[in-house]
Protein chains: 2
Amino acid sequence: MSQYEHTCLIRGDGGRTVRAVLDRICDKWTLLVVATLDQGRLRFTELQRLVPGISQRMLTLTLRHLERDGLVSRTAYPEVPPRVEYALTPMGRSLIPPALALAGWAVEHHAQIQESRAAYGPQAE
Amino acid sequence: MSQYEHTCLIRGDGGRTVRAVLDRICDKWTLLVVATLDQGRLRFTELQRLVPGISQRMLTLTLRHLERDGLVSRTAYPEVPPRVEYALTPMGRSLIPPALALAGWAVEHHAQIQESRAAYGPQAE
DNA sequence: CCGCATCCACCACGATACTG
DNA sequence: CAGTATCGTGGTGGATGCGG
């Protein structure tokens, strides 16, 4: 059995299902936030510190989307000053292993891609 | 050993490495084109037929990027009418398993995400 | 048949300022 | 502390038409 038979998983209904989900988790920050939250419950500011470069706005939006999609739970404590904690749901945690697989590939082939790009790029851009 | 220790792979240098690679393979079509090419060498038009909804422009751009990054090889036959075939390189093929892992997750949790989104959405947007 | 060029709409994202 | 509001920008992607 060749592995390509499995790719029907991706192509499936023409890729609509996969694309729909991928379009959500493949934005600029989602994967990074999810990976960071694997450490446990974190507050808004802690997240902002642990994900270098993310803006308040993007962190808010990313967390809202993750919450809406059921990957992250949000707990607000009615205190002064306010405190909000974010944590992965079980479904959120289930995303970690596949995400790691992709991240591992990325790290492993990063250099090779750069090489290839450099060899290709001299003529234009 | 908890699995979260592995997430340093993702967070690593602040996520720059992973993000750089992910930003390339997580655009709208790349993963789908790679998955489709796992079937073997394909011509431009065949690809366009096998990836429903993709425009000529996007297919061209996606293939150029994949070629530049060393994931896809392009072979043009100097014939009339012209014929061009695309195929995965070894590095391209190595992307299939991690991509499948993510795709599997997507298919498996798609319904659950939709549910969650529906339950969240009534109030706004 | 293959694929590039042009025009255009949209939205992801960043910076900044303000609120409870 | 944890956001929301607003503005501006670049890149992504769709439609169409032309060229080798």
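Numbered from 1 within each chain, the chains take letters A, B, ... in sequence-line order.
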Could you go step by step and tell me if B:T62 and B:W29 meet the side-chain contact (heavy atoms from CB on, under 4.5 Å) rule? CA-CA 7 Å; B:T62 302; B:W29 300 107; 3.9 Å; yes

Stepwise side-chain contact (heavy atoms from CB on, under 4.5 Å) check, B:T60 with B:F44: CA-CA 9 Å; B:T60 301; B:F44 189 90; 3.6 Å; yes

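In this entry the distance linking CG of A:L47 with P of D:dC1 reads 14 Å, nearest Å. Whole-Å rounding puts the B:Q48 CD to D:dA15 P distance at 11 Å. To the nearest angstrom, C1' of D:dG11 lies 12 Å from CG of B:L61. Atom pair A:L59:CG and C:dA15:P shows a separation of 14 Å (rounding to whole Å applied). Spacing between atom CE of A:M58 and atom P of C:dT16 amounts to 15 Å, rounded to whole angstrom units. Rounded to a whole Å, the CD atom of B:Q56 is 15 Å from the P atom of D:dG19.
Salt bridge annotation for A:R117-A:E115: absent, with no cationic side-chain nitrogen under 4.0 angstrom from a carboxylate oxygen.
Judged by closest nucleotide on DNA chain C, B:E46 is the one of B:R57 and B:E46 placed further toward the 5' end. Both A:R19 and A:P81 lie close to DNA chain D; mapped to their nearest nucleotides by heavy-atom distance, the more 5′-ward contact belongs to A:P81.
Closest heavy-atom contact between B:V33 and B:L59: CG2-CD1, 4.2 Å.
For A:Y86 and D:dC1, the shortest distance from a side-chain N or O to OP1 or OP2 is not below 4.0 Å. The shortest distance between the side-chain N/O atoms of A:T45 and the OP1/OP2 oxygens of D:dA2 is below 4.0 Å. Contact between the side-chain N/O atoms of B:R64 and the OP1/OP2 oxygens of C:dC4 is found at a separation under 4.0 Å. Contact annotation: B:R24 does not reach the phosphate of D:dG11 (side-chain N/O to OP1 or OP2, under 4.0 Å). Between A:T60 and D:dG3, a side-chain N or O to OP1/OP2 separation shorter than 4.0 Å is absent.
At the heavy-atom level, B:R43 lies under 4.0 Å from the strands shown only through sugar-phosphate atoms.
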